[in-house]
Structure formats: C-alpha cells, structure tokens
There are 2 protein chains.
Amino acid sequence: MARMSADARRAELLAAALRVMSRDGVAAGTTRAIAAEAGMVLATFHYCFRSRNELLRELIIMLAGIEREAARAAMQPGRNIRETLRQAVDGYLEHLEKNPGHEQVLFELNHHALRTPELRDLADEQYRQYYESATMLLTTAAELAGVEWQVEMPVLARMVVTMIDGATTTWLVDHDTDRTRAALDVMLDYVATLTKPARRPRQGSA
Amino acid sequence: MARMSADARRAELLAAALRVMSRDGVAAGTTRAIAAEAGMVLATFHYCFRSRNELLRELIIMLAGIEREAARAAMQPGRNIRETLRQAVDGYLEHLEKNPGHEQVLFELNHHALRTPELRDLADEQYRQYYESATMLLTTAAELAGVEWQVEMPVLARMVVTMIDGATTTWLVDHDTDRTRAALDVMLDYVATLTKPARRPRQGSA
DNA sequence: GTCTATAATGGGATAGAC
DNA sequence: GTCTATCCCATTATAGAC
C-alpha cells in the first residue's frame with residue numbers, strides 16, 4: 001500500500017469506514033478497525049485525518065450526497081402520480097433490502113451527531129438534504145405525471161421524510177418488506193390524492 | 001446509602017441509568033456514570049447486575065412498559081375519530097417536548113440492541129409492544145368515537161407506528177413541533193377517513 | 001511518508017479487606 | 001453486604017525511528 005495520494009487514501013479510509021460500520025455498527029467503527037479494513041496501519045489514519053470525528057464529518061456529508069443522488073435516479077415516469085410514487089417507494093425498499101446496514105448507519109450517525117457537540121450541525125445538514133431530496137422527488141413526480149400538489153411543499157416533503165424514516169426504522173427491526181410496503185402503500189395512495197391536474201405550464205405563460 | 005433491599009437498588013440503578021442516558025446518550029451510560037448518578041460505588045453496580053447488558057435488558061423492558069401505559073392513558077373521548085386521534089397526537093408531542101432525551105434513548109437503545117447479539121431479541125420485543133400499543137390505541141379511539149376501521153388492524157397499527165417513529169426522528173433533529181404536527185395532521189385527517197359508522201355492538205348480538 | 005512503539009485515558013469486571 | 005484497589009482490555013492519539 002505504498003504510492004497513493006493523500007486524497008486517495010482519505011477516500012479509501014472513508015469507504016473502509018462505511019464497510020465496517022455497515023457491517024458492525026458505528027460504535028464498532030474504531031480508528032483501528034477502519035485502518036485495518038483499509039489495509040493501513042493505525043498511524044496512517046491519523047496522518048490522513050486529524051481525528052475520528054473529522055472522518056465522521058466527511059462520512060456523513062458523503063452519505064447524504066449518495067442518498068440524494070439515489071433519490072434523483074429513482075424517478076421514472078409512471079402511468080399516473082400513484083404509480084410514479086409507488087415506483088419510487090419500491091426502488092427504495094429494494095435498496096433497503098440490499099443494503100440494510102447502509103441505512104442503519106445513517107440513523108446511527110445521526111444519533112451520534114445529535115449527542116456530539118462537535119458534530120451537532122451535521123444532524124441538521126443531514127435532514128436538510130433529506131427534505132431537499134423529498135422536495136425534488138415530489139416535484140419531479142408531479143411533473144412526470146402532469147399534476148400539481150394541493151398541499152404546500154414543505155408540509156408534503158416533511159410527510160414523505162416522516163414516512164420513509166418511520167418505514168425504515170420499523171423495517172430494520174423485522175426486515176418485513178411486505179408489511180412495510182403495505183403500510184406505505186396505504187399512505188401513498190392518499191398522498192397521490194393530494195394533487196390536481198396541472199394547468200399545463202407553457203413557456204412562462206401568465 | 002446503607003440499608004436498601006437488592007430490588008430497591010436495582011430499581012434505583014435503572015432510574016439513574018435512564019437519567020444519565022436521557023441527558024447524555026446511551027453511549028455515555030457507562031457502569032461508572034450510572035453508579036455515580038445513583039450515588040453508589042462501582043462495585044455495587046456489579047453486585048446488583050451481572051453486567052451492563054443485563055441492566056440494558058431490564059431498562060428496555062421497563063421503558064417499553066412505560067410507553068405502553070402512556071399510550072393507554074392518552075385516550076380521551078373526542079367529538080369524532082379525527083378529534084380523538086388528534087388529541088392522542090397532541091398528548092404525544094407534549095410528552096416529546098417535555099422529555100426529548102427519553103424518546104431519543106428509546107431509539108438509541110433499539111439501535112444498540114439491533115447490533116448486539118445478546119440484546120437482539122429486545123429490539124423485536126420493543127416494537128412488538130409498540131404495535132400492541134398502537135392497536136390498543138386505535139381500537140379504543142374507534143370505540144370512543146363510535147366507528148369501525150375499514151383497514152385491517154395490523155396494517156393500520158404499522159402505519160401509526162411508522163408515522164410516530166418518523167415524526168419523532170425528524171422532531172429530534174430540529175425540535176420543530178409545529179412542522180411535525182402539521183405533517184402528522186395531514187396524515188391523521190386521512191387515517192380518520194379509514195372508518196365507517198359502527199354497527200352498534202350490542203350485548204354479544206349475532 | 002511510513003511504520004513501530006507507546007503514552008494517556010477510560011472502560012467492564014472482580015478480588016479481597018472490612 | 002459494602003468498599004477500596006486493581007486487573008486487564010480497548011480506545012484515541014502521537015512520538016520518534018527509519
């Protein structure tokens with residue numbers, strides 16, 4: 001593990017941290033465990049990062065960005081708003097089943113940040129990105145389905161984050177995708193009714 | 001701190017653990033910190049509990065029971081099912097505002113249990129009690145309002161737990177009760193529509 | 001830049017005096 | 001039963017040889 005730019009090693013340590021923490025939890029992500037997972041000696045960790053908290057900062061920011069891109073990629077046109085939303089939910093549940101540890105780590109990091117003064121601001125930032133993702137997703141879904149939302153977007157976005165958060169915490173306990181989907185479906189069918197046909201938004205018409 | 005029955009000291013240690021962890025997080029609830037909070041020396045901790053995990057077991061069971069009783073106490077007759085549910089939600093938000101650390105600890109303990117083989121079963125048990133509480137609450141609310149649910153109770157109960165879980169995780173980040181209530185209100189208005197007037201359930205009629 | 005070795009701290013648990 | 005003292009381990013972080 002000789003020649004490697006400082007940035008490359010930082011990236012490798014972040015990836016290693018995510019692997020360890022997804023597998024065994026944030027608490028198990030000690031500097032030693034992360035360095036070992038990355039195939040480096042402990043001293044290299046502290047050569048690349050001033051402290052464990054500095055790595056955690058970058059890790060949270062990185063993960064929030066990944067979630068954001070995943071949400072963006074999840075949107076596909078459906079027959080109507082109900083189908084469009086349902087596809088997005090199915091995409092999320094599929095991701096959740098494939099990477100349970102990944103979503104679990106996001107909760108653990110958030111709770112750790114909430115309790116750590118040095119990282120407290122990241123808890124806010126994490127959810128700011130969630131709300132942004134939800135807003136983007138709802139806006140895109142409405143456009144694809146040719147409808148407009150009848151509830152103010154901030155309320156709607158918070159509802160979506162609330163539902164996804166709750167669905168995730170419950171799923172993480174029993175891994176029961178069918179029941180999770182059933183609960184989400186009932187709620188989504190309702191969300192889909194909070195729309196009206198769009199007055200076709202022409203080229204900047206009055 | 002002389003004369004005190006073993007049971008009393010166990011109870012006192014559990015209470016101390018809850019205080020410390022509510023204030024500073026589960027991770028800060030070391031055996032030393034808990035013993036100090038209870039005004040005991042460390043050795044007393046291990047005289048009362050075989051290990052820290054044994055205390056955590058009892059703590060989770062105790063807390064789940066408290067939440068259960070709180071849910072039971074929250075029910076009051078309202079003008080209709082919508083009002084009845086809204087009162088229950090207001091009661092919960094009030095509790096959340098008064099004891100943020102308490103709800104935070106429940107999440108932290110659940111996540112800790114999910115990652116700790118020795119405590120893994122408690123994560124299931126915790127949510128089993130949540131679902132039971134939700135079922136009880138929904139059943140009572142319907143009775144008080146004279147309606148019947150039109151969706152199977154398991155799905156309905158999971159929806160409620162999902163909404164409360166999500167509302168709590170989001171609230172814990174920004175402590176924005178108004179926005180949390182706004183999101184819940186929209187969803188609850190919907191839940192209230194999933195009913196039909198009850199065919200008066202006389203004395204065991206056919 | 002990279003590694004070995006170690007400092008400094010704090011944790012869970014227990015031995016053994018009283 | 002209760003306390004002091006301590007064991008033993010893991011952690012973050014760094015000093016200093018190469």
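All values derive from a computational prediction rather than experimental measurement. Lettering follows sequence order; numbering is per chain, from 1. For the numbers below, each heavy atom of this structure counts, side chains included, while hydrogens, waters and symmetry mates do not.
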Quiz item: Within this structure, what is the NE2-to-C1' distance between B/His46 and D/dT4, rounded to whole angstrom?
Solution: 15 Å
Exercise. Specify the separation, in whole Å, of atom CG of B/Leu13 and atom P of C/dG12.
Key: 13 Å
Quiz item: Taking the side chain of A/Val41 as heavy atoms from C-beta outward, which of C/dC3, C/dG11, D/dA13 is closest to it?
Solution: C/dC3
Quiz item: Rounding to a whole Å, what distance do you find between A/Ile34:CD1 and D/dA13:P?
Solution: 11 Å
Quiz prompt | B/Leu42 CG - D/dC3 P separation (whole Å) | solution = 12 Å
Quiz item: Salt bridge or not for A/Asp24 and B/Arg115, using N-O below 4.0 Å?
Solution: no
Quiz item: Is there a residue in residues 51-61 of chain A whose heavy atoms reach under 4.0 Å of DNA chain D, and which residues are they?
Solution: A/Ser51, A/Arg52
Self-check item: Below 4.0 Å: OP1/OP2 of C/dG1 and any side-chain N or O of A/Arg9
Solution: no
Practice problem: Would you tell me if any nitrogen or oxygen in the side chain of B/Thr31 comes within less than 4.0 Å of OP1 or OP2 on C/dG12? | Solution: yes
Quiz item: Between atom CZ in B/Arg32 and atom C1' in D/dC7, what is the gap in whole Å?
Solution: 11 Å
Going by atom type alone, with no hydrogens or angles, which donor-acceptor pairs under 3.5 Å involve a side-chain atom of residues 55-70 of chain B and a protein atom two or more places apart or on another chain?
residue: B/Arg57; atom: NH1; partner: B/Glu118; partner atom: O; Å: 3.0
residue: B/Arg57; atom: NH1; partner: B/Asp121; partner atom: OD1; Å: 3.4
residue: B/Arg57; atom: NH2; partner: B/Asp121; partner atom: OD2; Å: 2.8
residue: B/Glu58; atom: OE1; partner: B/Arg10; partner atom: NH2; Å: 3.4
residue: B/Glu58; atom: OE2; partner: B/Arg10; partner atom: NH2; Å: 2.3
residue: B/Arg68; atom: NE; partner: B/Glu132; partner atom: OE1; Å: 3.2
residue: B/Arg68; atom: NH2; partner: B/Glu132; partner atom: OE1; Å: 2.4
residue: B/Glu69; atom: OE1; partner: B/Arg72; partner atom: NE; Å: 3.3

Self-check item: Nucleotide D/dT4, atom P - distance to CZ of B/Phe45 in whole Å
Solution: 18 Å
Quiz item: Looking at D/dG1, D/dT4, D/dT14, which one has an atom nearest to any side-chain atom of A/Ala43?
Solution: D/dT14
Exercise. Inspect the contact between A/Asp189 and A/Arg86 and indicate whether a charged nitrogen and a carboxylate oxygen are less than 4.0 angstrom apart.
Key: yes
Quiz item: Rounded to whole angstrom units, what separation is found between the CZ atom of A/Arg10 and the P atom of C/dG1?
Solution: 13 Å
Practice problem: Look at B/Thr30 and C/dG10 and indicate whether a side-chain polar atom (N or O) is within less than 4.0 Å of OP1 or OP2. | Solution: no
Quiz item: Which distance, rounded to the nearest 0.5 Å, do you find between the CD of A/Gln87 and the CZ of A/Arg79?
Solution: 8.5 Å
Quiz item: Between A/Glu125 and A/Arg128, is the closest basic N to carboxylate O distance under 4.0 Å?
Solution: yes
Quiz item: Counting side-chain heavy atoms from C-beta on, which of C/dG1, D/dC3, D/dT6 comes nearest to A/Tyr47?
Solution: C/dG1
Quiz item: Does B/Arg179 come within less than 4.0 Å of B/Asp174, counting only side-chain N to carboxylate O?
Solution: no
Exercise. Could you tell me whether B/Arg181 and B/Asp90 make a salt bridge, using a distance below 4.0 angstrom between a side-chain N and a carboxylate O?
Key: yes
